[in-house]
Structures are given as C-alpha cells and as structure tokens.
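Working notes, beginning with the structure itself.
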Amino acid sequence: MAYHKDTANLEKMLLKFLSEPDPMLSMLQWLCHKMMEVEVENKLGAGKGEHSPKRTGYRSGTRVRRFDTRMGTMYLLVPKVRKGGYIPFFVTERKRSEQALIQVVQEAFVNGVSTRKIERLAQSLGIESISASQVSQINKELNEQVEEFRNRPLENTYPVIWIDALYEKIRDNHRACNMAVHVVCGVNLDGKREILAIEPMYEESEASYTALFDNLKKRGLQNVWLAVSDAHQGLIAAVQKSFVGCSWQRCKVHFMRNILAHIPAKDKESFAAKLKQIWQQPDYESAKRYAELLIEEYETRFPKAIVVLENGLEDSLQYYEFPEIDSRKISSTNVLERLNKEIRRRSKVVGIFPSMDSYIRLISCYLIEYAEDWETSRCYIKKDILQQIITRRKAA
C-alpha cells in the first residue's frame, strides 16, 4: 500500500515538473534542494524545527546562490548554519575557480603556449575535450561574476584594511614578466572579513596605490581606522593622502625580516627570540621600554640592524591604539599571507599565465569562494568590540 502511495506522489511531482518551462532543470533544482536538506540535517543532527538531544548546531535562514549546470542556470536557497557554515557538496565539486582554469586552458592555446604543457594541464583538471561554445559560455558567465564582485559597492567604514601584493609570471606583449597583483582585505563594522580589491599593477608607486584607493573610495569606502602593510614608501604616502586620520601599521613580520637581514646567521635565532618580545608586551609604553633596552644592548654589536629598528619602531607599534582588539590580528599582514599562500597553490598549476585577464579571472573566482566562506564563518573581530572603539573615539 505504501509503495502505491509513493508511486502516486512521484507521478504528481512529475506532472508538476512537466508544466514547467524547463522540466529537467526544474526536476534537478528540486533534487538539489532535497539533497541540501538531507545534508544539513546530517550535519546538525536534527531536522528543521526538530527538538533532539543529538542536535549539534542550528540553522540561520538561507542565502541565494547561483549554480551553473549543463542543463542551465538555477538559483538555490542554500541553508545557512550558525557555526561552521555550509556549502553543498555538489557545489564544492565544481567551483568557479575550476571553471576559470578551463578558460585558462583555452586562452593558453590561443596565445601559443606549448601543446604538451596544455595537455598536462588539461589532464590534471580532468578535462579530455572542450568545445568552443562551452568555453565561450564559461568565459561570458565568469567575466560577469568577476566584474560584479570587483566593482560591487562597499560600506562607508572598514575599521581595518590589509594590503599585500602577489607576484606572478604573466605573459604581456609576448613576454613573460613578473607582475604585481594587489589584494586588499578589510573587516567591516559587523566584524566580518571581506575581499575589497584585486588590482593588477605594472609598477609599485604612490600614483598606482593612490589609483587603487581612489577606486575603493568611488565604490563607497571613506573611513579607515588602521591600514596594515609592508613599508613601501609609495603605499604609505597613498594611505596618508587617501584616508585622512587613518593610522598606518607596519607589518611586524616584514619588519622583523628587514632587521634580521643585518644579523649574522649564527646570531639570528637568539636575536630574533629577543626581538619578538617587543611586540608581545602588554602595552605601548612597555614595548617602547623593552625596545630601548634591546637597542642599548646591541647598538655596538649590530649597528645596521639597530638603525633599521629605531627608524621603523614607532610605525610597528600603531596597533596599540586599539587595545580592545587581539594584537595578533592587526599587527601584521598574516591574514593576507595565508590567503596568498592558498592562491599560489592554485596558480602554480598554470605556471606562466597567458594574460593578465586570465590571471585576474582565476584569482577573483577563487577569492569569491573564499569571501563566501568568510561570510558564513564566525566574526574575525567581535562586533561589540568595534562598537566599544567607536564610543571611545567619539568621547576622546
């Protein structure tokens, strides 16, 4: 009896799908939603609205996600999970960045890259053949998504931004050149991280960095409390001119490397252990006192290293202006270093990119995925901490 009932229900569903403009796409969309429900129930240990002692988490509404398939494009209502986030398994199996890699294969052919290299790259992606129409459609959709992401409106205030550069071999005017692509990451007033910019630069200068920041301002960004980067003079000048009242934090990790470059190999480990203590002090005054003691102890033995330390010390201590925030999060560009490492892991599959457009397309697609993970993960800086700082700054 139950068998006949299930068959009747299935027939009703099929008749419903047949009335849709695209029955197969509608059926696939329904199936995807059912699979997501099963996957989320297993992840949380309980069904929607179900009371269960085995429950391990809770839902938090849904988010719309575009999903491109061979049958067509559909928009899924993906369940949001409060802790840990959730991405459907059938989406992670075919991410945007993999589509971008397919496009790189085609563009590499056009630009005369070795056929043998292309075959190896295609095989590593599981691609046996790809038609011109498939590539054309992939390119169009990817370009639209990338342009929308790179030019989306920004919020007015990002308390902290991090700026760092990636250097890759990219073919330009028939020559393979080392080119810079700058990635800017920020944390908004809700405490969530965002990718703010992915911009290529033919040179690192005050003018190029000013153009980068002007573009961010055109998209809505006006206020920054703290900018974290390495000590490129053009970047520093651009930050000071573009964001009045913004403090600049010299990345302590880059700064330490600059200092240790003047220390003999046999003394590096012991000196580095003492040097790190500067940025582990509980407050600004303690850090200054410890640094002065270190300078007195080593100014005769390592004069060049001490000069570098003295000249850059103040800029490396700006994070102490924000004692409410965990110093490990704002005293260096480590948040971008980890991101860059993941990007390089993906880009080294290609080697030399056939064009800057193909590189930007690939990296942007990867960063879109990363941004979505950040959106569903826990806050990088707690919202109430940022509100405390706002109150303190207004009272000052």
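Computed from heavy atoms alone, side chains included, the values below leave out hydrogens, waters and symmetry copies.
Taking NZ of K34 as the start and CE of M36 as the end, the distance is 11.0 Å to the nearest 0.5 Å. Atom CD1 of residue I263 and atom OH of residue Y298 lie 8.5 Å apart, to the nearest 0.5 angstrom. The line from CD of E39 to SG of C32 is 11.0 Å long, rounded to the nearest 0.5 Å. A distance of 5.5 Å separates CG in D164 from CG in L336, rounded to the nearest 0.5 Å. The CZ atom of F353 lies 9.5 Å from the OG atom of S355; values are rounded to the nearest 0.5 Å. Taking CG of N188 as the start and NZ of K383 as the end, the distance is 9.0 Å to the nearest 0.5 Å.
A salt bridge links R392 to E324: at least one charged side-chain nitrogen sits closer than 4.0 Å to a carboxylate oxygen. The existence of a salt bridge linking R152 and E194 is confirmed by a sub-4.0 Å separation between a basic side-chain nitrogen and an acidic carboxylate oxygen. Taking the charged nitrogens against the carboxylate oxygens, K192 and D190 have no contact shorter than 4.0 Å, which rules out a salt bridge. Ionic pairing of E375 and R63 is not present here: no N-O contact between side-chain nitrogen and carboxylate oxygen is shorter than 4.0 angstrom.
By the ring-ring contact (aromatic ring centres under 6.0 Å, His included) test, Y319 is found to be paired with no residue, residues two or more places apart in sequence or in another chain being considered. The ring-ring contact (aromatic ring centres under 6.0 Å, His included) search around Y320 returns none, not counting sequence neighbours.
Judged by distance alone, the side chains of W279 and S327 never bring a donor and an acceptor atom under 3.5 Å apart. For the residue pair R250 and N258, a side-chain donor N or O sits within less than 3.5 Å of a side-chain acceptor on the partner. The closest side-chain donor-acceptor pair between N178 and E168, if any, does not fall under 3.5 angstrom. Defined by atom type and a distance below 3.5 Å, a donor-acceptor pair is present between the side-chain atoms of S286 and D283. In summary, the side chains of E321 and S247 do present a donor paired with an acceptor at a separation below 3.5 Å, with no hydrogens or angles considered.
Between W374 and Y370, the ring-plane angle classifies as perpendicular under the 30° and 60° cut-offs.
Here the side chains of V228 and W248 are not in contact, with every heavy-atom distance at 4.5 Å or above. Within the 4.5 Å cutoff, no side-chain heavy atoms of V160 are placed close to those of V224.
Judged purely by atom type and a 3.5 angstrom limit, S316 has no side-chain atom pairing as donor or acceptor with the backbone of K252. Proximity of a side-chain donor or acceptor of S242 to a complementary backbone N or O of V239 within less than 3.5 Å is not detected. R219 contributes a side-chain N or O that, together with a main-chain N or O of L196, makes up a donor-acceptor pair within less than 3.5 Å.
Other residues, nucleotides and ligands contribute more than 12 heavy atoms inside 6.0 Å of the NZ atom of K217.
Nearest heavy-atom pair across H262 and A305 is CB-N, 3.7 Å. For the pair P200 and I198, the tightest heavy-atom approach, listed with the atom from each and the gap, is CD-O, 4.1 Å. When all heavy atoms of G45 and S52 are compared, the closest pair comes out as O-OG, 3.8 Å. Minimum heavy-atom separation, V253 to S332: CG2-CB, 3.8 Å.
The same ILVMFWY cluster, assembled from side-chain heavy atoms under 4.5 Å apart, contains both Y359 and L367. Note on M201 and L235: same hydrophobic cluster, where clusters join Ile, Leu, Val, Met, Phe, Trp and Tyr whose side-chain heavy atoms are under 4.5 Å apart, directly or indirectly.
The ring pair (Phe, Tyr, Trp, His ring centres under 6.0 Å) pairs that include a residue from residues 211-235 are Y209-H232, F213-F243, where partners are two or more places apart or lie in different chains.
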